[in-house]
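Data block below; observations after.
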Amino acid sequence: MTAENPPAVPLEKAPLDGVPLDKLPLDTSAAPQQAAAGPPAVRASDADRDRIADILREALAEGRIDAEEHAERIDAVYRAKTLAELEPLIGDLPAGQRQPPAPASGHGPRPAARPSGHGLQMSGPKNVVAVLSGASRQGRWRVGGKINAVAVCGGVELDLTEAIFEQQHVVINATAICGGIEIKLPENVTLRSAGSGVMGGFEVKETESTEPTAPVITVQGVAIWGGVDARTVGGRRIRDLRDE
């Protein structure tokens, strides 16, 4: 080996005698470097938003947050698209410290939906939200066990006088912030109130039906610089639940 005839393989790159190929060090300097990406954001469900809204409602009642903070956070709750957007809204509250928000659809078994009288699955919670706008539900629509009505600088109208009640007990969560929520019900239902007003009005004209199978409607929530009005409408009746 002379300067005129250099070796075919550079000395520093020459293979090691007696060393298996799979034991040789690998040169990974040319391998593409992939950026460490976190897991994709999990989309928030209606149940996730409802749970956060319930926590905020309790925090307002306990005096942990004031009416202005509650209004801002409720607005953010129903604008949130992912769980990561919901977590900071209760991060400074006891409920947020004990257990961070998790997807509503976990890996555990889910209870089967009960069929209605027509063999259809029961409806889930319904959300009617108005932010700087108006929203309404009326006519012949199916009502499950829970309705969430939120009015932020807007108005919501819920007309249940022609609705089909799939369950006897229905809870309406009404949150009015600088807005109004109007709820109309058939005259032969039981109507109960479990809400309060903070510099606003929460008016529910309670009634007790004489029919044992009539729907029992509980209107709960809060009105902050706004109003919630729930009442029955004379002349509008529903049939017995067994006929629906």
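We count residues from 1, following the sequence as given. Here the structure is a predicted model, which is why all the values come from computation and not from measurement.
Taken together through direct or relayed side-chain contacts under 4.5 Å among Ile, Leu, Val, Met, Phe, Trp and Tyr, V228 and V171 form parts of separate hydrophobic clusters. Both V143 and I181 belong to a single network of hydrophobic side chains, linked directly or stepwise wherever heavy atoms of I, L, V, M, F, W or Y lie under 4.5 Å apart. Side-chain heavy atoms closer than 4.5 Å link hydrophobic residues (I, L, V, M, F, W, Y) into clusters, and following such links, even through other members, never connects V216 to I183. W225 and V152 end up in the same hydrophobic cluster when Ile, Leu, Val, Met, Phe, Trp and Tyr side chains are linked at under 4.5 Å. Note on V42: it clusters hydrophobically with I90, by side-chain heavy-atom contacts below 4.5 Å among ILVMFWY residues.
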Could you pull out every donor-acceptor pair under 3.5 Å between side chains of residues 189-205 and any protein atom, sequence neighbours left out?
| residue | atom | partner | partner atom | Å |
| --- | --- | --- | --- | --- |
| T190 | OG1 | S209 | N | 3.0 |
| R192 | NE | E208 | OE2 | 3.4 |

Would you give me the side-chain donor-acceptor pairs under 3.5 Å for residues 173-180, sequence neighbours excluded?
| residue | atom | partner | partner atom | Å |
| --- | --- | --- | --- | --- |
| N173 | OD1 | Q220 | NE2 | 2.5 |
| N173 | ND2 | N148 | OD1 | 3.0 |
| T175 | OG1 | R57 | NH2 | 3.4 |

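Between D48 and R43, the shortest heavy-atom contact is OD2-O, 4.4 Å. Contact record, W141 with D159: NE1-O, 3.0 Å, taken as the closest heavy-atom pair. Across all non-hydrogen atoms, the minimal contact from L89 to D92 is O-OD1, 4.4 Å. In terms of heavy-atom proximity, P88 sits nearest to E85 at CD-O, 3.5 Å. E211 approaches N188 most closely through the heavy-atom pair OE2-ND2, 3.5 Å.
The CZ atom of R237 sits 10.5 Å away from the OG1 atom of T232 when rounded to the nearest 0.5 Å. For the atom pair CD1 (I74) and CG (L56), the distance works out to 5.0 Å, reported to the nearest 0.5 Å. Rounding to the nearest 0.5 angstrom, the gap separating the CD atom in E87 from the OG1 atom in T82 is 8.5 Å. For the atom pair CD (E206) and OG1 (T218), the distance works out to 9.0 Å, reported to the nearest 0.5 Å. Interatomic distance, D54 CG to R49 CZ, rounded to the nearest 0.5 Å: 14.0 Å. Of the inter-residue distances, the one linking Q168 atom CD with I217 atom CD1 reads 9.5 Å to the nearest 0.5 angstrom.
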Pair K184, R231 - check side-chain contact (heavy atoms from CB on, under 4.5 Å), show working. CA-CA 6 Å; K184 300 177 182 179; R231 66 184 188 278; 4.1 Å; yes
Under the side-chain contact (heavy atoms from CB on, under 4.5 Å) criterion, do H70 and V222 qualify, and how do the steps go? CA-CA 10 Å; H70 180 266; V222 63; 3.9 Å; yes
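Using modelled atom types, one side-chain atom of E187 and one backbone atom of G235 make a donor-acceptor pair closer than 3.5 Å. No donor-acceptor distance shorter than 3.5 angstrom exists from the side chain of Q138 to the backbone of L158, with no hydrogens or angles considered.
Within the 4.5 Å cutoff, the side chain of D50 has heavy atoms near those of the K146 side chain. Contact check for F165 versus V170: side-chain heavy atoms found under the 4.5 Å cut-off.
In summary, R236 and E162 engage in a salt bridge, as defined by a charged side-chain N under 4.0 Å from a carboxylate O.
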